[in-house]
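Written below as C-alpha cells is the structure these notes are about.
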Amino acid sequence: MNDVFQGRVVIVGMGYIGLPTAVAIATRGIDVVGVDINPDVVNALSRGEVALVEPDLAVGVKGAVAMGHLTASLEIPQADAFIIAVPTPFHHDKTADLSCVEAAVRQIAPVLRPGNIVILESTCPPGTTEKVCEWVADLRPDLKTPIHGEGRTDVFFAHCPERVLPGRIMIEIIMNDRVVGGLTPACAEKAASIYRLFAKGEILLTDAASAEMAKLAENAYRDVNLAFANEISLISESLHIDVWEVIRLANRHPRVTILNPGPGVGGHCIPVDPWFIVSAAPDMAKLIRAAREVNDHRPHHVAEQVVEKARQFRAPTVACLGLTFKANVDDIRESPAIDVVGLIAQAMPELSILVADPYVHTLPERLGNYANLKLESPFKAVEKADIVVLLVEHETFRSLKNTRLSGKVVYDTRGIWH
Ligand code: SAJ
C-alpha cells in the first residue's frame, strides 16, 4: 500500500518550475508555502498574481491562492516537505554553480524536524543530493540523516528532477512520468507520496545519483540531436543543398527523426546541463562536449551569413524576427536569437537593425548598448527591411509569408517559410 502524503509543503524558488509545482500540489488540497528571495515575486503571489507567461499558470495561481492553499513568504516556515527548485547555472569554467541550492539548504536546515523530507528538483551534477544531505548533517548534528548509515533516519532526501517543457508546463507537470531518486529506498518512497498527489504519469523509483544522471542524460540527448541537425544544416548550406528538403526526405525513413536546425540552442537547461556531464567526466564526454560546441557556434555562423548578405547592399536595413529562446514563449534566457542580433550589430555598426518579437516589449539588456538597434512591430520591421532574418518560429511570423516578403532577401533560420 502506497503512503499518502499529509502535511505542509514548502517550495523554495517561485520560478518556472517551483510555481507550477506549487499550484499542482495546492490544487490537491495540500497547504503549500511558496518561498522566494524576491519580495516583488512574494507580494505578487500573495495577491494571486504571477509575472511569468505560461499557459494556464495564472489561472492556476489565482485559484490556489483564492482557495487559501497557496501562500507566499520570504522566510522558510516549518513544514513536512521541502522542495528546492532554484537555478543551477554554471561558472565560467562550466562547472555547476550550486550557490543557490546551498543557500536554500542553509535556510531550510534550522527549521527541520524529524520526519521531514528535503527534495531537490533543480538540475544538478551527480552527487549533489548526497551533498545536500551532508550540508544538513553539518548544520544539524542533532538530526540523523542517511549518511549516518543504517538505522533510524530523521530527515529524508531525494532528487526528483523536473522534465516539463516550457509552453506545456501545466500539462506536462501532471502527465509526464516522474523519476524519483532517494538517498535510500525509504527516501524515494516518501518523496513519491508527494508526487502521487498530482502526477498522472508513472512514478519511477530509483536512487538519487541515477535520477541526477538520468535528467542530465535527457537534456544531453536533446542537445546532441540538435547538434546533429545543426551540423547537417551547416554542411548542406556549404554544398548549396536545401537542408529542409534533406530533412523532409530523411525523416520519411521509419527510424529517422532529425530535429529542426536553427540559430542555436537556448533556454536555461539544454545549453547548461550537458556541461555538468562534461565536468563530471571530462575525458570521456567527447560527443556531449562536441555537441555543445556545435550548438554554441550556431549564432556566430548565422550572424556571419547575415553580415555577408548585408555587405551586398549600400546602407541596408535588416529586420530580425524573434528574440526569445524558442517559439511561443516569452523567455529570453540564453537566447541564441539575442546572440545573433548582438553579433550582427557589433560586426556592422553602420547597419540599421529592426528587431521584432510579439513576446518582448523592451529591448533586452544585452542589446541595450547598440545605437543601431531598434525594437519595431513585426509588420513595420519587415516593411522597412531589405533583409529579413527569421530567428524564432513564433506563430504570428508564419502568416507573414509571400507578399510582404517578396523583393527582400530572406534568411529563414527555422524553415517556416520553406
Ligand atoms: N530547438 C531547435 N530545433 C528543434 C527543437 C528545439 O533548434 O527542433 C531549440 C529551441 O528553439 C530552443 C532549444 O532548442 O532554443 C531548446 O528547446 P526545447 O524545446 O528542445 O527544450 P526546452 O529547453 O524548452 O526544455 C528542455 C526539455 N528537455 C528535453 O526535451 C529533453 C524539457 O523537457 C526539460 O524539462 C527542460 O529542458 C528542462 O527544464 O530541463
Side-chain angles (χ1 to χ4, degrees), residues 1-13 15-28 30 32 79-86 88 98 101 104-105 108 112 115-136 145-147 153-165 168-221 269 273 276-277:
M1 188 54 189
N2 292 330
D3 287 348
V4 177
F5 178 83
Q6 282 171 330
R8 177 200 251 180
V9 177
V10 160
I11 302 186
V12 188
Y16 281 94
I17 301 306
L19 188 53
T21 307
V23 170
I25 298 175
T27 309
R28 307 308 295 174
I30 299 286
V32 179
D80 301 282
F82 298 84
I83 297 178
I84 300 173
V86 295
T88 45
L98 298 177
V101 175
V105 172
I108 291 169
L112 284 173
N116 283 177
I117 180 161
V118 179
I119 299 173
L120 183 60
E121 277 216 17
S122 312
T123 306
C124 287
T128 308
T129 311
E130 201 172 313
K131 202 178 265 179
V132 166
C133 174
E134 285 165 8
W135 286 332
V136 169
T145 70
I147 55 164
T153 295
D154 288 328
V155 186
F156 299 77
F157 294 86
H159 180 53
C160 307
E162 59 81 16
R163 37 163 53 160
V164 287
L165 193 74
R168 285 176 47 83
I169 291 179
M170 299 312 282
I171 300 168
E172 292 205 356
I173 209 161
I174 306 291
M175 300 312 294
N176 287 358
D177 290 346
R178 198 77 203 220
V179 175
V180 174
L183 276 192
T184 62
C187 292
E189 193 41 61
K190 201 171 177 67
S193 71
I194 296 176
Y195 293 92
R196 277 194 205 105
L197 289 170
F198 64 91
K200 291 202 176 133
E202 207 176 315
I203 307 281
L204 307 162
L205 299 190
T206 184
D207 61 280
S210 299
E212 289 162 342
M213 192 62 185
K215 167 68 192 184
L216 299 178
E218 288 165 18
N219 279 356
Y221 170 88
C269 308
D273 304 349
F276 296 172
I277 301 184

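Values in this document were obtained by computation on a predicted structure and should not be read as measured data.
Here the side chain of Arg178 pairs no donor or acceptor atom with the backbone of Arg196 at under 3.5 angstrom. Checking side-chain atoms of Glu121 against main-chain N and O of Ile17 turns up no donor-acceptor pair under 3.5 Å. Checking side-chain atoms of Glu212 against main-chain N and O of Gly127 turns up a donor-acceptor pair under 3.5 Å. Checking side-chain atoms of Thr88 against main-chain N and O of Thr123 turns up a donor-acceptor pair under 3.5 Å.
Considering only heavy atoms from C-beta on, Asp80 comes within 4.5 Å of Phe5 through its side chain. Considering only heavy atoms from C-beta on, Thr145 stays 4.5 Å or farther from Leu183 through its side chain. In this structure, Ser210 and Val179 have side chains that are not in contact, with every pair of non-hydrogen atoms separated by 4.5 Å or more. Within the 4.5 Å cutoff, no side-chain heavy atoms of His159 are placed close to those of Thr128. Val101 is listed as a side-chain neighbour of Val132, based on a closest heavy-atom distance under 4.5 Å. Thr21 has its side chain out of reach of Val9: every pair of non-hydrogen atoms, C-beta onward, lies at least 4.5 Å apart. Side-chain contact between Phe82 and Leu112: present, with at least one pair of heavy atoms (C-beta onward) separated by less than 4.5 Å. For the pair Arg163 and Asp177, the minimum side-chain heavy-atom distance is below 4.5 Å.
Leu216 contributes atom CG, which lies 5.0 Å from atom CD1 of Ile277 (distance to the nearest 0.5 angstrom). Between atom CD1 of residue Ile174 and atom CE of residue Met170 there is a gap of 7.0 Å, rounded to the nearest 0.5 Å. Remark: Thr129 OG1 to Glu134 CD distance equals 11.0 Å, nearest 0.5 Å. Between Ser122 atom OG and Leu98 atom CG the span is 9.0 Å, to the nearest 0.5 Å. In this structure, SG on Cys160 lies 11.0 Å from CG on Leu204, to the nearest 0.5 angstrom. We find the CG-SG distance between Leu120 and Cys133 to be 12.0 Å, quoted to the nearest 0.5 Å.
Under the side-chain hydrogen bond (donor to acceptor under 3.5 Å, both in side chains) criterion, Asn116 pairs with no residue, sequence neighbours left out. Residues satisfying the side-chain hydrogen bond (donor to acceptor under 3.5 Å, both in side chains) test with Arg168, not counting sequence neighbours, are Glu172.
Nearest heavy-atom pair across Ala26 and Val32 is N-CG2, 3.7 Å. Across all their heavy atoms, Cys187 and Ala158 have their closest contact at O-CB, 4.2 Å. Scanning both residues, Val10 and Ala79, for their nearest heavy atoms gives CG2-CB, 3.6 Å. What you find for Cys124 and Phe276 is that their closest heavy atoms are C-CD1, 4.0 Å. Across all their heavy atoms, Ala191 and Val180 have their closest contact at CB-CG1, 3.7 Å.
Around atom CD of Glu218, more than 12 heavy atoms belonging to other residues, nucleotides or ligands sit under 6.0 Å away.
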Test Thr153 against Thr184 for side-chain contact (heavy atoms from CB on, under 4.5 Å), laying out the working first. CA-CA 10 Å; Thr153 295; Thr184 62; 5.6 Å; no

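Tested against Ile119, the residues Tyr195, Phe157, Phe156 include a single side-chain contact (heavy atoms from CB on, under 4.5 Å) partner, Tyr195.
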